Amino acid sequence: MINQYNKIAKWFSEVRTNDFSLESFHFSQFLKLIPKQGHILDLGCGNGLPIAKFLLEKKYSVTAIDGSIEMIKLARRNIPDARILHQDLNELSIDGPFDGVLLWHSLFHLNQDQQRDLFRKLPQLLKPDSALMFTSGTTHSEVTSEMGGQVIHHYSLAKEEY
């Protein structure tokens, strides 16, 4: 998936809406669980818009990670106040703990086994009573879509396994 995002980073940034209204309810609930000015880990941050930018504007500390070097280049321009790291989520190596972890529109790019592996690592990254928020499907599945001329795979576990 990283190679595809390297190829479509500019296109994605042009078509990805910066309208935060669809996410605002979910993020308002998530942020109720995070201490004021807490530290949030954004896994699969993409270009940093609109999510990491929103969190920074709300005075949270953000560490943003993405596997696509092209997305990371854009994130460094879009969210210079964040700590930005280029890492493949399958080889995640970062010290925690964090007050919250996000996998917003990114977890489903990992296949089912990779998702399970990542979930085994997450407790080491989270403080006690911290928050995790992610997007996923509801059934064990794999589907493909086309984005910017690239085939993109989307994977999900069954909701019971999540």
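When reading the values below, keep in mind they use all heavy atoms of this one structure, side chains included, and skip hydrogens, waters and symmetry mates. What you see is a predicted model; the values in this text were computed from it and never measured. We count residues from 1, following the sequence as given.
Between D42 atom CG and T63 atom OG1 the span is 9.5 Å, to the nearest 0.5 Å. To the nearest 0.5 Å, atoms NZ (K127) and CG (D99) are separated by 3.5 Å. Rounding to the nearest 0.5 angstrom, the gap separating the NE2 atom in H109 from the NE2 atom in H105 is 9.5 Å. Rounded to the nearest 0.5 angstrom, E146 CD and I8 CD1 are separated by 8.5 Å. Here I65 contributes atom CD1 and L41 contributes atom CG; the two are 5.0 Å apart, rounded to the nearest 0.5 Å. For the atom pair NZ (K159) and OG (S136), the distance works out to 10.0 Å, reported to the nearest 0.5 Å.
Annotation: side chain of L92 is in contact with side chain of L125 (closest heavy-atom distance under 4.5 Å).
Taking every heavy atom of both residues into account, G48 and A75 meet most closely at N-CB, 4.2 Å. S106 and G44 make their closest contact through CB-CA, 3.7 Å (heavy atoms, listed as atom of the first residue, atom of the second, distance). Shown here for K53 and L49, the closest heavy-atom pair between the two residues is CD-CD2, 3.5 Å. Between H86 and G67, the shortest heavy-atom contact is NE2-O, 2.8 Å. Nearest heavy-atom pair across E70 and A9 is CB-CB, 3.6 Å. Taking each heavy atom of N6 and S68 in turn, the nearest pair found is OD1-OG, 2.7 Å.
Shown here is D129, whose CG atom has no more than 12 heavy atoms of other residues, nucleotides or ligands within 6.0 Å. Counting non-hydrogen atoms of neighbouring residues, nucleotides and ligands closer than 6.0 angstrom, the CZ atom of R83 reaches no more than 12 such neighbours.
Put simply, F119 and V101 are part of the same group of oily side chains (I, L, V, M, F, W, Y) that touch within less than 4.5 Å, one to the next. Hydrophobic clustering (side-chain heavy atoms under 4.5 Å, transitive across Ile, Leu, Val, Met, Phe, Trp, Tyr) keeps L126 apart from L33.
When the options L118, L122, L107, L43 are evaluated for a side-chain contact (heavy atoms from CB on, under 4.5 Å) with F134, the one that passes is L107.
Counting only distance, with no hydrogens or angles, the side chain of Q124 and the backbone of D95 share no donor-acceptor pair below 3.5 Å. Judged by distance alone, the side chain of Q37 and the main-chain N or O of K59 form no donor-acceptor pair under 3.5 Å. Formation of a donor-acceptor pair under 3.5 Å by the Q112 side chain with backbone atoms of H140 is not found in this model.
Scanning for side-chain hydrogen bond (donor to acceptor under 3.5 Å, both in side chains) contacts around K58 gives an empty result, with sequence neighbours left out.
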Pair V143, F108 - check side chain to side chain contact (heavy atoms under 4.5 Å, CB included), show working. CA-CA 10 Å; V143 297; F108 51 68; over 6 Å; no

When you look at K7 and Q4, which way does the side chain to side chain contact (heavy atoms under 4.5 Å, CB included) test go after all the steps? CA-CA 5 Å; K7 292 176 184 175; Q4 288 94 331; 5.8 Å; no

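Side-chain contacts under 4.5 Å among hydrophobic residues (ILVMFWY), followed directly or transitively, place F30 together with F20, F27, L31, I34, I40, I51, F54, L55, L56, Y60, V62, I69, I72, I79, I84, L102, W104, M133.
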Under 3.5 Å, which donor-acceptor pairs do the side chains of residues 147-157 form with other protein atoms, sequence neighbours left out?
| unit_1 | atom_1 | unit_2 | atom_2 | d |
| --- | --- | --- | --- | --- |
| H153 | ND1 | E142 | OE2 | 3.1 |
| H154 | NE2 | S145 | OG | 2.9 |
| S156 | OG | G137 | N | 3.2 |
| S156 | OG | G137 | O | 3.4 |
| S156 | OG | T139 | O | 3.3 |

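Between the side chains of N90 and D88, at least one donor N or O lies within less than 3.5 Å of an accepting N or O.
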